[in-house]
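First up is the structure itself, then whatever we jot down about it.
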Amino acid sequence: GGGTTTGAGSGGGKVGIDHPRADSDFWNSYIKYVPQMAGELKVELMPATNSQNDVAKLVNNVQALIGQGAKVIVMAPQDTGAIANTLQQLENKKIPVVTVDTRPDKGKVFMVVRADNRAYGTKACEFLGEKLGGKGKVVQLQGALSSINGRDRSEAFSECMKSKFPGITVFSEPTDWEGSKAASMLQTRLEQNPDIKGIYMHAGGVHLAPTLQVLKQKGLLVPPSDPKHIFVISNDGIPQEFESIRKGDIDATVSQPADLYAKYALFYAKAAADGKTFKPGPTDHGSTIIQLPNGLEDQLPAPLVTKENVDDQALWGNQVK
Amino acid sequence: MNVHVEARDVVKRFGPTTALAGAKIAITEGETHALVGRNGAGKSTLVSILTGLQRPDEGEVLFAGQPAPALADRDAWRRRVACVYQKSTIISALTVAENLFLNRQSEKNVINWRALAGRARELLDTYEVDVDAQALAGDLSVEQRQLVEIARALSFGARFIILDEPTARLDGPAIERLFTRMRSLREQGVTMMYISHHLDEVYEICQSVTVFRDARHVTTRPVADLPHDELVAAMTGEATAVYEARSRTPGESVVLSGENLGLAGRYSGIDISVRSGEVVGLAGSASSGKVGLAETLVGLRRADTGTVTVNGTKVTPGDVPAAMKAGLGFVPEDRHHEGFVPLLSVGENATFPIARKLGRYGLISPSRRRATAERMIDSLDIKTEGPDQPVADLSGGNAQKVVFARALVDDPTVLVVINPTAGVDVKAKQALLGAVEDAVERGAGAVLVSDELDDLRICDRVLVMFHGRVVKDVPRGWTDHELVAVMEGMEE
Amino acid sequence: MTTLTAPAPRVRLARFRDLTLVPVIVILLIVGAVLDPTFLTAGNLTNVLQQQAAISLLVLAEAMILIAGKFDLSLESTVGTAPAIAVMLCVPVAAGGFGIGLPGALVIPLALLIGAAIGAFNGFLIIRFQLSAFIVTLAMLIIVHGFLQGPSEGKTLFQLPDSILYLGSALWLGLPAAIWIAGALFAAGIFGLGYLRLGRSLYAIGGNMDAARAAGIRVDRVLYGVFILGGTLAALAGILETGRLGAIGNNQGVGWIFMVFAAAVIGGVSMDGGKGTILGALTGVLVIGLVQNILTLIGVSGFWQPVIYGAIILIALMISRIAGGKAQD
Amino acid sequence: MTTLTAPAPRVRLARFRDLTLVPVIVILLIVGAVLDPTFLTAGNLTNVLQQQAAISLLVLAEAMILIAGKFDLSLESTVGTAPAIAVMLCVPVAAGGFGIGLPGALVIPLALLIGAAIGAFNGFLIIRFQLSAFIVTLAMLIIVHGFLQGPSEGKTLFQLPDSILYLGSALWLGLPAAIWIAGALFAAGIFGLGYLRLGRSLYAIGGNMDAARAAGIRVDRVLYGVFILGGTLAALAGILETGRLGAIGNNQGVGWIFMVFAAAVIGGVSMDGGKGTILGALTGVLVIGLVQNILTLIGVSGFWQPVIYGAIILIALMISRIAGGKAQD
Ligand SMILES: Nc1ncnc2c1ncn2[C@@H]1O[C@H](COP(=O)(O)OP(=O)(O)OP(=O)(O)O)[C@@H](O)[C@H]1O
Ligand SMILES: Nc1ncnc2c1ncn2[C@@H]1O[C@H](COP(=O)(O)OP(=O)(O)OP(=O)(O)O)[C@@H](O)[C@H]1O
Ligand SMILES: [Mg+2]
Ligand SMILES: [Mg+2]
């Protein structure tokens, strides 16, 4: 929209932003995109806070941001229940909220910017199911069970497997987003079931290298033409996953659009500050806005990346360096 | 004659306390030199300075005329001086053998445990210490631990040995054995510094004596030139009479009794009853079971058989609070172990058993605690900055007095004291024994367990134990010789 | 010599040892005011206190347990599990409950009871079986958290009975109720450990358990009491936190225990037992709260925040060491 | 009397106290074999050992530090940070490096050096300034982890010099090199703490520091050595882990320290210093590793896994308490 201002204090007002964590590849790409996109969109950003994956800290940070005069808050609550009170306070203060990546269970939000995590799980299920021809054994390396995104992915994956590919046995391993646990569990499971044919990793950033390392040690890192090949699908879309796809080490990934997260979080924040409103329906950027009980959600596309489209420059993983 | 060790104008302060104020000592080569003084006079502080554990604030230490080595150079210190410290330096989690040869387990790099055990056994045999070299030091009795410390200090082959109250925890025969060793070391030309509150020991084993009073040097003299009362006067700064046990007639009511008490491995078949106004002594040589029995009476141990009655109340076995509630006060054997809480103040340590009387509704009134504590400090003559000083900062003897104060603070009807005068100076010893007698005169009954015959003189009768049984009930008027004979099992 | 004439300052110093962190707090207040104008506003300082209210109750509990010479790591799990189980006992299945449907008014007493029960079980294992407190409560940390994660299947509980939300969100006389509650409990703790027989016995037990026993203190009973009180306080902290956040996430309380220890130890409570005061622990909590608040206000990069945070803890530790004058343990 | 006549059995018992967990291990082996046929295969047991190799080095380090009466929580952060910084010193900017470009062959010595430096700094604060080891190393845990997160900006390091991958992934004589390395280091530890004067001095220092000092042990120097060795072992653990995982994530090592303590304490090492053996600690590691393996094999629901896991730790603790016959601390 037009009418943007650059002067401090005038126009829409300051946008306070809280980052959810600093220790994962995906979020760090997001964090890097934020100032860049703010520059492009001419959003007046306050210094970002970081809640280190802790809702209690998120609540504290938001209080501080309000105290410092934030007019809009962008946040990515990893615990979607425990911010209900904070959202209530923000509503009382008439401060619109844009949430990224997660959809709060309760409390008003101006816009939820996220890709559908259930869709990730389903996409992964469909990919593996087809590759395996509907039978065999697969392992899913879960994130932390207390994380909503992890749960959405694993529930959707398991449900889809049950309904669409009943011939496939799924082993679910809770790794707490830890590479070390992922490696140990995968290794043990492969020992027990040498006929495992597929792996779904919930987070490429932490699961990719350990998985490859285990497969390499077992001599299972072979091209798809080899009958020993294990099909691996990842989640995130970081550059290393693309590289592995090109090399043929893994077969696919679901690209979670870090750049779009940052871009549209700020886009909607600015719009909220400017008093704009939105309605459900398709958008101009290839996504759909849906109605939630407590607000709206812009469901950004999360493309499946395979050897065919891995070099597509539109993928965020091909843009970062 | 050469001066072997000398300390000059030593000043040492601990916060507001001045432990040594220009003190000095000079020890001639080959002599056994006594250092005496009241509790808190600064003896142990001098020991830590002479052994290089602490740096004096002022003054210097010389060995054979040469300045002492740097504090960091422990090996050089250890070549010059070996020491039995007043505070235990035994490491409980290690075996006796390893404690004996700590940090010198082997000549070569790799330790040969079998050889080490052999050397330890040899050493223990030499000093006639009846302890298993392979036992964990933590499992030993206080006395056995002390013997291990002595054996270790003597085994270094140092030309100068310091013994800081080595006999406070030993019984007669063990003391005799120690003296035999010391004499033979002296014949080999070893110089020794000996600290004790048993002045007769000073006369028996030492050639000269230095007296400290109030952190200062008072006098140094050959023991032959310094009669007993003059020595005591030098220590206390005033003429002090020898303690006279008082006589009294015990009442009729039994305030403490044990029936058919037995504890496997310690004692068996014990019946004991103490009347109001009576002091009953418990004597016996090492391992006679006397301490175990006393600890059972107060509830520190649970007997296998039998019952204990305090003041008419049958006490649940092994329940100290119940016994105390029934009117018992006691002094445990090992003050460091069961005696006091080092970080807490003198006042608090002394008043724990009467906390409920220092205020209502579970409250403690600090001012009343202070007043009570000041009274105890006064009556037992505890050398401290005041009721608020942590007990950890007190000298050994003064800490013992705090433990004693705790036993007396509730005006007990029954008093059980185990080696109560261990490490306590002459004058204070009189105060402590006097306090026991005072309590008894007020109608209490007391059990006094002691390895010191002098303490037992205040007893109306002494029960002698041997191998876990009471072998004789000796009435007042015994001679040392008689009593020792019974204790050694020479007479039935 | 000169020092001998002045025994009084010693005593006074000893009393002030609780307050060695006060200069640190003053420095933080000045630094904060300089760095950000919002900092010294009543609103912001109230926020700091409210944010620290729940964790401060854990510090209070842990300080008492440490003074008594023991250890409890499981407190952090109780913060989430006690209110969560209580809620699940009350709300319908649709809201994540067990379907037992106890009245919602019972939720607070239930939560406190569960906290007390966890504390009692810890005490039972540690006192009766003489197991290592550290490792028992470490195992219990895992187990108790499992009892939140298991029944809730990792989901956040956000349909809560109103009663459990009240304390953590109400205002009393213009200040959050949580601040009043924490303040009152700290006052009680300072008083209890300073002037009550029972409170003083914690120091005796932590300082020398055998001597405490020989002085007639019922050591086991007191220790049970401390563990139970600790669990109850942790449950109360959980209730306050639940009210503040409006829901019970699976991670409620997770990771707090390190900060709890940091606050207690910076505040002068010894890990070896027998040393420290509740007032000191309170100053420790305040230091941690102020540091966090300032770091948030000035918006230090999330990546480097831990380094600055840890460094400030170290500096506070050194100041308290230098001011306190004694070696720490 | 009775005790005096029977010294022999006592000694034997003392020697076997290291092995109180052996029955637990035997039970776990039997249970595992019954529950899953894969369990007792050479392949699976090798996996267990390989999975535990890195963490076992931390247990070795922590056991020594605990025996010497100290504490080091920061080891877990060194596991990630030491190799990561070493890698960043070597790899180009594009791969996440600093652009200094040291030769890749240096990466292992560099990592070990960084680990040693972290240990030395811990020692410096604890020994020189007499600060509480618990809280210093807690702050260092946060700071050291920040030194991974800060420069890497939270990104996983994927492009590593080959040399750092070798040890954690190579096979020697058909077994993973990590197992040989951990085995050799444990053998050295058992020997060193059992038969060398230096090793024995750790027990003396942990048992009674004043007595150790009086016995001529250079307490400070030994303690520095222990902290430095601890940091170096943690760095080596990090190298092995890096090789096993093929990348250095921001969470490498995070959360290990609790398991490290659990293994050491179950294995009989006292938190109070002066007690325990390296062999005992090793049995503790094995118990933890077997429990994790069995839980993975039988596929217990992730939600309830912590409860079972914690309960097994408690049971192991009780068995080791009963078999050991002594109160724990
Ligand atoms: N570490 C310390 N801190 C504070 N004061 C101390 C410390 N060590 C000793 N003192 C004080 O120094 C004085 C001398 O103590 P020292 O132990 O040398 O006495 P002592 O002559 O050995 O007495 P005793 O016969 O009772 O053993 C005492 O007043 C004691 O309280
Ligand atoms: N903790 C213990 N465990 C087992 N046996 C012990 C223990 N302490 C002492 N004993 C043994 O019990 C017996 C009786 O000891 P007790 O202390 O009651 O006698 P005692 O007359 O005081 O001996 P001593 O004068 O040597 O202290 C001795 O054989 C002693 O070695
Ligand atoms: Mg002395
Ligand atoms: Mg005895």
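Lettering follows sequence order; numbering is per chain, from 1.
Considering only heavy-atom pairs separated by less than 4.5 Å from chain B, the leading option among D:Gly206, D:Ala214, D:Gly199, D:Gly207 is D:Ala214. Ranked by heavy-atom pairs under 4.5 Å with chain D, the first of B:Gln105, B:Arg152, B:Arg104 is B:Gln105. In terms of non-hydrogen atom pairs under 4.5 Å with chain B, the most contact-rich of D:Gly216, D:Gly194, D:Ala204, D:Gly274 is D:Gly216.
D:Arg213 places no side-chain N or O within 3.5 Å of a backbone atom of B:Leu53 that could act as its donor or acceptor partner. Put simply, the side chain of B:Arg74 never gets that close to the backbone of D:Ala215: no donor and acceptor are under 3.5 Å apart.
Nearest heavy-atom pair, B:Ile111 versus D:Arg200, reported as atom, atom and distance to 0.1 Å: CD1-CG, 3.4 Å. Here the closest heavy-atom approach between residue D:Arg218 and residue B:Ala72 is recorded as NH1-O, 3.4 Å. Taking both residues in full, the closest heavy atoms of B:Leu94 and D:Tyr203 are given as CD2-CB, 3.7 Å, listed atom of the first, atom of the second, then distance.
Here the straight-line distance linking atom CZ of D:Arg197 with atom CG of B:Leu102 works out to 10.0 Å at 0.5 Å rounding. Atom-to-atom distance recorded for B:Ile90:CD1 and D:Asn208:CG is 9.5 Å, nearest 0.5 angstrom.
Crowding of B:Phe156 atom CZ: a count of heavy atoms from other residues, nucleotides or ligands under 6.0 Å exceeding 12.
Put simply, the side chain of B:Val110 reaches to within 4.5 Å of the side chain of D:Leu196, judged on heavy atoms.
Proximity to chain D is limited to the side chain of B:Trp113, based on heavy atoms less than 4.5 angstrom apart. The part of B:Ser88 that comes within reach of chain D is its backbone (N, CA, C, O), which places non-hydrogen atoms under 4.5 angstrom from that chain.
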